[in-house]
Protein chains: 2
Amino acid sequence: MSTDTITVPVTVADHQNCPATSVLRRVGDKWSVVILSVLGHGAHGFNELDRSVEGLSRRMLTRTLRGLEEDGLISRTHHPSVPPRVDYALTDLGRSFLEPVRALGLWALAHRSDLEAAHTRNR
Amino acid sequence: MSTDTITVPVTVADHQNCPATSVLRRVGDKWSVVILSVLGHGAHGFNELDRSVEGLSRRMLTRTLRGLEEDGLISRTHHPSVPPRVDYALTDLGRSFLEPVRALGLWALAHRSDLEAAHTRNR
DNA sequence: CCGTATCCGTAACGATACTG
DNA sequence: CAGTATCGTTACGGATACGG
């Protein structure tokens with residue numbers, strides 16, 4: 001890794017294989033962080049989550065939950081009762097993930113006025 | 001951004017007005033973080049950036065630079081010389097932004113094996 | 001209660017060609 | 001050197017309806 005000045009060619013392969021890239025993309029998608037935050041308060045069922053986040057469709061909830069589960073950030077526990085119950089909860093990995101994500105959120109909050117100023121200046 | 005236990009209905013308006021949301025989406029887009037990182041090594045010209053990041057088209061470079069500039073994360077300085085020279089550089093805001101972003105990158109690196117394990121397990 | 005399947009519109013992204 | 005214009009493709013997200 002290079003040290004110096006210019007010409008550090010970042011390859012496409014580097015970019016796609018980089019473990020940070022997929023993480024960054026997950027952070028950028030519309031609902032993942034919201035859902036993780038809600039689950040930070042404790043386990044929830046599917047419809048519970050659906051109702052907790054206004055504007056979130058069941059389709060996107062399903063897809064987001066599957067993605068988070070594939071990344072190992074949340075767990076899915078199916079209780080074959082009547083009525084059926086499924087609990088979604090943060091894993092340890094998910095909890096630790098929320099730390100840097102919160103740091104980013106705090107940064108946004110702390111620099112809110114700077115961001116707004118820049119945005120109005122360039123218009 | 002409220003506070004407690006369950007049923008904190010997150011409204012669509014909250015989500016879109018939240019200063020963190022736009023920041024998170026910027027982090028999630030394909031090239032912003034890469035460009036910011038390269039600019040972390042020092043100022044660069046347009047074609048210099050284009051060559052530094054393989055796979056990045058001029059079109060996306062332009063658009064990403066404009067976006068970062070609108071957010072006040074980078075500065076654009078035009079020197080009307082011959083040949084023309086334009087310098088892109090991090091602003092103070094941009095430099096401070098890289099800190100939480102790097103924290104996220106370090107998290108990804110530190111938990112790389114966990115992420116891979118989860119991903120293979122669910123397949 | 002917990003999802004899936006289908007359709008559709010928009011926005012992101014990439015390739016290519018051209019300009020001051 | 002530093003871009004813009006145009007076009008085509010793919011990914012993301014929402015609405016609706018149906019199934020276990």
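Within residues 62-72 of chain A, the residues approaching DNA chain C are A:Thr62, A:Arg66, by heavy-atom distance under 4.0 Å. Near DNA chain C, meaning a heavy atom under 4.0 Å from it, residues 16-36 of chain A has no residue at all.
Nearest heavy atom pair, residue B:His111 against residue A:Ser96, reads NE2-OG, 3.6 Å. Between B:Gly72 and B:Thr91 the shortest heavy-atom distance is O-OG1, 2.6 Å. Shortest non-hydrogen contact noted between A:Ala108 and B:Ala20 is CB-CA, 3.6 Å. The minimum heavy-atom distance linking B:Ser52 with B:Val38 is given by the pair CB-CG1, 4.5 Å. Shown here for B:Ile74 and B:Glu69, the closest heavy-atom pair between the two residues is CG1-N, 3.7 Å.
Side chains of A:Leu56 and A:Val34 form no contact here, defined as non-hydrogen atoms less than 4.5 Å apart. A:Arg76 has its side chain within reach of A:Arg66: a pair of non-hydrogen atoms, C-beta onward, lies under 4.5 Å apart. Side-chain contact between B:Leu65 and B:Leu49: present, with at least one pair of heavy atoms (C-beta onward) separated by less than 4.5 Å. Between A:Val27 and A:Ser32 the shortest side-chain heavy-atom distance does not fall below 4.5 Å.
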Name every donor-acceptor pair, under 3.5 Å, that has one atom in a side chain of residues 57-64 of chain B and the other anywhere in the protein, sequence neighbours excluded.
| residue | atom | partner | partner atom | Å |
| --- | --- | --- | --- | --- |
| B:Ser57 | OG | B:Met60 | N | 3.2 |
| B:Thr62 | OG1 | B:Arg58 | O | 3.0 |
| B:Thr64 | OG1 | B:Met60 | O | 2.7 |

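With sequence neighbours left out, the salt bridge (Lys or Arg N to Asp or Glu O under 4.0 Å) criterion links B:Glu116 to B:Arg112. Partners of A:Asp92 under the side chain to side chain donor-acceptor pair (under 3.5 Å) rule, at least two apart in sequence or in another chain, are A:Arg95. By the salt bridge (Lys or Arg N to Asp or Glu O under 4.0 Å) test, B:Asp71 is found to be paired with B:Arg26, residues two or more places apart in sequence or in another chain being considered. With sequence neighbours left out, A:Asp50 forms a salt bridge (Lys or Arg N to Asp or Glu O under 4.0 Å) with no residue at all.
Put simply, CG on A:Leu93 and OG on A:Ser75 are 11.5 Å apart, with the number rounded to the nearest 0.5 Å. Atom OG in B:Ser22 sits 7.5 Å away from atom NE2 in A:His119 (nearest 0.5 Å).
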Extract from the structure each pairing of a protein N or O with an N or O of nucleotides 5-8 of chain C at less than 3.5 Å, listing the distance.
none

Between the protein and nucleotides 18-20 of chain C, which nitrogen or oxygen pairs come in under 3.5 angstrom?
| residue | atom | partner | partner atom | Å |
| --- | --- | --- | --- | --- |
| C:dC18 | N4 | B:Arg58 | NH2 | 3.3 |

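Across the protein-nucleic acid pair, A:His79 atom NE2 and C:dG3 atom P stand 12 Å apart, rounded to whole Å. Rounded to whole Å, the distance from CZ on A:Arg76 to P on C:dC1 is 16 Å. Taking atom CD of B:Glu54 as the reference point, atom P of C:dG14 lies 12 Å away to the nearest angstrom. The distance between atom CG of A:Leu49 and atom P of C:dC2, rounded to the nearest whole Å, is 9 Å. Between A:Leu56 atom CG and C:dG3 atom P the separation is 13 Å, expressed in whole Å. When rounded to the nearest whole Å, the span between CG of B:Leu61 and C1' of C:dA12 equals 16 Å.
Applying the ring pair (Phe, Tyr, Trp, His ring centres under 6.0 Å) test to pairs two or more places apart or on separate chains, those with a residue in residues 81-104 of chain B are A:Trp107-B:Phe97.
The C1' atoms of D:dC18 and C:dC1 are separated by 15 Å, rounded to the nearest whole Å.
Between A:Tyr88 and B:Ser57, the residue whose closest nucleotide on DNA chain C is further toward the 5' end is A:Tyr88.
When DNA chain D is scanned in the 5' to 3' direction for atoms under 4.0 Å from non-hydrogen atoms of chain A, the outermost contacting nucleotides are D:dG13 to D:dC18.
Secondary-structure annotation of DNA chain C gives the stems C:3-20 with D:1-18, with a stem taken as at least 3 successive Watson-Crick or G-U pairs whose two distances both fall under 3.5 Å.
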Before you tell me yes or no, could you show the steps for B:His44 and B:Leu39 under side chain to side chain contact (heavy atoms under 4.5 Å, CB included), namely the whole-Å CA-CA distance, both residues' side-chain angles and the distance that decides it to 0.1 Å? CA-CA 7 Å; B:His44 288 291; B:Leu39 290 179; 3.9 Å; yes
